[in-house]
S.K.: 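This is the structure I want to talk about, given as structure tokens.
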Amino acid sequence: LETGSRQVVSHAVKQNKMIFNFQSALEPDNPKEIGEHLVKHGDGVKDIAFEVEDLQAIFKRAVAKGAIVVKEPWEESDDSGTVKMAMIKTYGDTTHTLIDRSGYKGLFLPGYRASTFKDPLVEL
């Protein structure tokens, strides 16, 4: 899966129930957040996302237990439905995105589409 963005290359790869979303900025400081993280930490994990069933309750409990709010709950939509998300930070610079996909029927998240690239190694 990919987004087609001209700022950030994003590839979502699924293995069983886990989805890995690899992102990298196509320009050094656009978006600034990715560039700053790379300068400070090099290649690494910026965010770990968790699919949840009750985003509001989990978000409120995490904040009550000391998590720092990075981004209040928000929604993203496309023709396949709506996804609810919130972002928190608990330790260091790694963030955690909480994702409720219960109202979404697409492949991954709004904006992602199946890649048209055919990997020749799959046929080996």
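Residues: numbered from 1 along the sequence shown. Note that the coordinates shown come from a computational prediction; the quantities given were computed from them, not determined experimentally.
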S.K.: For H96 and D47: C-alpha separation, side-chain torsions, deciding distance, then whether side chain to side chain donor-acceptor pair (under 3.5 Å) applies.
M.R.: CA-CA 5 Å; H96 303 292; D47 183 80; 6.0 Å; no

S.K.: State, with a plain yes or no, whether a side-chain heavy atom of Q56 is found less than 4.5 Å away from one of P73.
M.R.: yes

S.K.: Hey, any chance M85 and Y104 share a hydrophobic cluster, counting ILVMFWY side chains that come within less than 4.5 Å of each other, even indirectly?
M.R.: yes

S.K.: Looking only at heavy atoms, which two atoms of F59 and A86 are closest? And how far apart?
M.R.: CD1-CB, 3.6 Å

S.K.: Looking at D78 and L109, what are the two nearest heavy atoms and their distance?
M.R.: OD2-O, 4.4 Å

S.K.: Pair L38, D43 - check side-chain contact (heavy atoms from CB on, under 4.5 Å), show working.
M.R.: CA-CA 6 Å; L38 282 170; D43 288 336; 3.5 Å; yes

S.K.: Within the structure provided, determine whether V83 and D100 are in side-chain contact (heavy-atom separation under 4.5 Å).
M.R.: no

S.K.: Checking side-chain polar atoms at under 3.5 Å, does H41 have a donor or acceptor matched by the opposite partner on D93?
M.R.: yes

S.K.: Is a side-chain donor or acceptor of S80 paired with a backbone partner of L107 at a separation under 3.5 angstrom?
M.R.: no

S.K.: Under the side-chain contact (heavy atoms from CB on, under 4.5 Å) rule, what do Q7 and L26 come out as? Steps first, then yes or no, please.
M.R.: CA-CA 5 Å; Q7 292 181 330; L26 295 173; over 6 Å; no

S.K.: W74, F108: one ILVMFWY side-chain cluster at the under-4.5 Å cut-off?
M.R.: yes

S.K.: Do K46 and T95 touch side chain to side chain, with heavy atoms closer than 4.5 Å?
M.R.: yes

S.K.: Got more than 12 heavy atoms from elsewhere within 6.0 Å of CD, E33?
M.R.: no

S.K.: What closest approach, in Å, do L98 and L55 show between heavy atoms, and which atom pair accounts for it?
M.R.: O-CD1, 3.2 Å

S.K.: Is there a side-chain contact between T90 and I68 (heavy atoms, below 4.5 Å)?
M.R.: no

S.K.: Check V70 against I88 and note the closest heavy-atom contact, atom names and distance.
M.R.: CG2-C, 3.8 Å

S.K.: Could you list the donor-acceptor pairs under 3.5 angstrom formed between side-chain atoms of residues 16-24 and any protein atom two or more places apart in sequence or on another chain?
M.R.:
unit_1: N21; atom_1: OD1; unit_2: Y112; atom_2: OH; d: 3.2
unit_1: N21; atom_1: ND2; unit_2: Y112; atom_2: OH; d: 2.8
unit_1: Q23; atom_1: NE2; unit_2: S10; atom_2: OG; d: 3.1

S.K.: Report, as yes or no, whether the 6.0 Å neighbourhood of atom CZ on F50 holds more than 12 heavy atoms from other residues, nucleotides or ligands.
M.R.: yes

S.K.: Would you confirm whether R101, through its side chain, and G106, through its main-chain N or O, come within 3.5 Å as a donor-acceptor pair?
M.R.: yes

S.K.: Before accepting this row, confirm whether a basic side-chain N of the pair K40/E36 lies closer than 4.0 Å to the acidic partner's carboxylate O.
M.R.: no

S.K.: Taking the basic N atoms (NZ, or NE/NH1/NH2) and the acidic carboxylate oxygens, is any pair closer than 4.0 Å for K84 and E76?
M.R.: no

S.K.: Step through the shown structure and confirm whether more than 12 heavy atoms of other residues, nucleotides or ligands are within 6.0 Å of NZ on K60.
M.R.: no

